[in-house]
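First up is the structure itself, then whatever we jot down about it.
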Amino acid sequence: MHQSIYAKHTCSEREPIFEIRDLCYRYKDGRRALDGIGLTIYAGDRMALAGHNGAGKTTFIKHLNGIYAPEKGEVRYKGGPLSAGEALRRARLQIGILFQDPDDQLFCNTLYEDIAFGPCNQGHSTLETDRIVRRASLQVGLDDLLHKPAHRLSYGQKKRAALATLLSMQPEVLILDEPTANLDSKQEHLFWDLLQDFPGTLLVISHDLEFLYGLCERAVVFESGRIHHDFTMRELVSQPELMRSHGLDFNFRFHCCQDGNGHEHAHEGHHHHHPHTHGHAHPHPRPANETRALDVLTAQNGSVLSLQDYSYTYPDGTTGLRDVSIGIRDGENIAIVGENGAGKSTLAHCLMGVLSGEGTLLFKGTPPRPGPKSDLWRKVGMVFQNPADQLFCPSCEEEAAFGPTQLGLPRSEIRERVAEALSLVRLDGMEKRVPLHLSAGERKRLAIASALSMRPEVLILDEPTAHLDPRNEELLIEILQGLQITKILISHDVPLIRTLCRRVAVLHKGRIVRDYGIEEFVSDHHLISLNGLDYTYRNACHEQILALQRANAEAKPA
């Protein structure tokens with residue numbers, strides 16, 4: 001049932017900026033995406049849009065600037081209908097949307113041109129546009145990269161660049177779809193600071209309830225194309241039963257940080273701060289030369305996959321890796337962490353043999369054949385950040401069968417492998433489904449299945465929990481725990497790392513600067529001064545939410 005507690009108690013004195021009335025929408029395949037949405041958004045609202053994958057959140061926001069037209073119902077902006085014509089053109093210059101994938105909105109030859117595109121369309125002069133571009137790029141910390149092509153930026157830099165293209169237009173409404181997905185904690189801080197200072201109306205889709213808790217005042221929960229709840233943010237997070245019923249309960253992520261009585265404990269040396277400030281404790285890290293010596297020793301002693309003194313430089317001269325030595329033992333689960341642009345994905349591509357640099361790559365102690373004839377792809381599987389980058393077949397069955405088919409296996413074995421892989425990721429029974437019609441969580445699991453059907457000896461997963469709601473994330477963790485295979489996780493998700501991995505390698509500017517056990521990693525505040533990463537700041541926010549939940553439980557009658 002739709003509860004509009006927030007609107008009833010707090011919005012009577014403010015002007016509506018959006019009025020959505022009985023909004024309905026179907027996709028072209030006939031699936032209903034939105035069903036009778038009614039919602040008033042007020043000027044100055046700071047609203048979180050929550051709900052499980054596939055609940056209709058992204059489809060809804062695409063109606064707020066006319067990307068989608070309603071099948072039924074109406075969207076009104078500033079008192080007038082948001083329909084075709086001059087009114088829609090003006091609205092689009094005032095409403096900015098940050099898409100999940102920054103590549104969807106970066107299309108010019110240079111970052112400068114991307115940021116200048118909006119102001120030019122607003123009619124600003126060349127001189128004024130130049131001033132706006134430089135101010136927006138400075139806001140997001142990219143002022144020294146203005147003449148670099150967007151496709152040469154790291155993922156985090158692309159995300160900030162996409163935000164700069166919106167900030168340059170000084171929008172009255174800013175809508176963000178999963179803004180923190182795949183970002184390191186340093187870049188999360190930057191986003192959080194910029195959004196705190198945004199003076200207009202803010203709408204944020206995210207499964208990251210801790211990020212939303214510190215940013216938004218209002219929470220609207222979507223379920224199967226409908227609005228089920230309209231709360232204050234505090235009211236939402238204080239009710240774990242309600243969050244669990246909508247697949248939003250993220251408390252499972254912190255079981256690894258609790259003692260036997262279910263109470264959360266601080267890491268050694270950690271002092272509680274505001275969720276978005278840094279501590280500065282500095283335990284004694286392993287010296288760089290000692291780390292390097294251990295890396296080389298590990299690489300030479302029976303590793304299933306290893307790099308020795310390995311460097312890679314991109315064609316434009318950008319350094320990807322510098323003198324990296326690392327060995328991954330058979331059956332080991334290792335996490336690769338570091339700031340956006342540190343070289344994590346480059347390292348993964350070198351381990352797969354996709355990128356070829358200077359140094360030694362060994363698989364079970366033997367160098368694989370170089371170039372296109374390398375058979376390393378048979379032994380090392382990878383799941384990309386964005387499943388859409390590796391899903392291209394018309395059905396789930398064909399997707400999982402693609403790799404085994406390339407191996408030239410008989411049809412009976414291909415069928416066996418497909419059934420096995422889809423069952424492992426809980427997609428059995430969905431063989432005929434179209435991959436692009438799956439939810440984000442299902443697509444991620446299908447990408448894993450397409451790798452597992454090759455029966456690799458090593459599986460690399462790049463940001464496996466990005467864009468997943470808590471329910472799908474919990475399922476994915478359960479699946480990964482059950483896979484008896486060597487796993488390399490590239491992630492900023494510390495609860496995921498603590499659950500799955502016992503070893504962590506930290507990359508910084510293309511070098512491995514730490515290689516140690518999980519407990520050393522989670523208590524290493526030296527990372528803050530090294531590269532700005534703060535992997536413990538979320539604890540304070542989570543503790544505030546737990547306190548709200550305890551207070552709410554105690555207030556209920558026995």
Judged by atom type as modelled, is there a donor-acceptor pair below 3.5 Å linking the side chain of [X] to the main-chain atoms of [Y]?
X: Gln157; Y: Leu142; value: no
X: Ser168; Y: Ile115; value: yes
X: Arg46; Y: Leu195; value: yes
X: Gln105; Y: Ile97; value: yes
X: Gln385; Y: Glu463; value: no
X: Lys57; Y: Ser206; value: no
X: Asp177; Y: Gln100; value: no
X: Lys344; Y: Ser491; value: no
X: Arg445; Y: Val425; value: yes

request  = Compare all side-chain heavy atoms of Leu49 with those of Ile61 and state whether any distance is below 4.5 angstrom.
outcome  =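 The answer is yes, as the side chains (C-beta and beyond) meet within the 4.5 Å cut-off.
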key: Residue pair Leu176 / Leu203, side-chain heavy-atom distance below 4.5 Å   =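 No; the side chains remain at least 4.5 Å from each other.
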Could [X] and [Y] be called an ion pair, given the rule that one side-chain N must be under 4.0 Å from one carboxylate O?
X: Arg426; Y: Glu478; result: yes
X: Arg471; Y: Glu473; result: no
X: Arg226; Y: Glu223; result: no
X: Glu74; Y: Arg21; result: yes
X: Glu442; Y: Lys444; result: no
X: Asp103; Y: Lys158; result: yes
X: Lys78; Y: Glu172; result: yes

Where do [X] and [Y] come nearest, in terms of heavy atoms and distance?
X: Arg160; Y: Phe191; result: CG-CE1, 3.8 Å
X: His63; Y: Leu82; result: O-CD2, 3.5 Å
X: Ala335; Y: Ile497; result: CB-CG2, 3.7 Å
X: Pro179; Y: Ile205; result: CD-O, 3.5 Å
X: Gly441; Y: Asn53; result: N-OD1, 4.0 Å
X: Ala447; Y: Pro387; result: CB-CB, 4.3 Å

ask   = Taking the inter-plane angle between the rings of Phe117 and Phe107 on a 0 to 90° scale, is it parallel (under 30°), tilted (30 to 60°) or perpendicular (over 60°)?
value =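 Rings of Phe117 and Phe107: perpendicular, as their planes differ by over 60°.
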Can you confirm whether [X] is buried at [atom1], in the sense that more than 12 heavy atoms of other residues, nucleotides or ligands lie under 6.0 Å from that atom?
X: Lys148; atom1: NZ; value: yes
X: Arg92; atom1: CZ; value: yes
X: Arg234; atom1: CZ; value: no

task = With side-chain hydrogen bond (donor to acceptor under 3.5 Å, both in side chains) as the test, would you mind laying out the steps for Asn340 and Ser154 before giving the verdict?
result = CA-CA 6 Å; Asn340 290 115; Ser154 72; 5.7 Å; no
request  = Report the C-alpha distance between Thr180 and Asp208 in whole Å, list the side-chain angles of each, state the deciding distance to 0.1 Å, and finish with yes or no for side-chain hydrogen bond (donor to acceptor under 3.5 Å, both in side chains).
outcome  = CA-CA 8 Å; Thr180 61; Asp208 188 347; 3.3 Å; yes
request  = Decide yes or no on side-chain hydrogen bond (donor to acceptor under 3.5 Å, both in side chains) for Thr59 and Tyr27, but give the supporting numbers first.
outcome  = CA-CA 9 Å; Thr59 303; Tyr27 294 123; 2.4 Å; yes
inquiry  = side-chain hydrogen bond (donor to acceptor under 3.5 Å, both in side chains) for Asp45 and Thr201? Distances and angles first, verdict last.
reply    = CA-CA 5 Å; Asp45 259 350; Thr201 304; over 6 Å; no
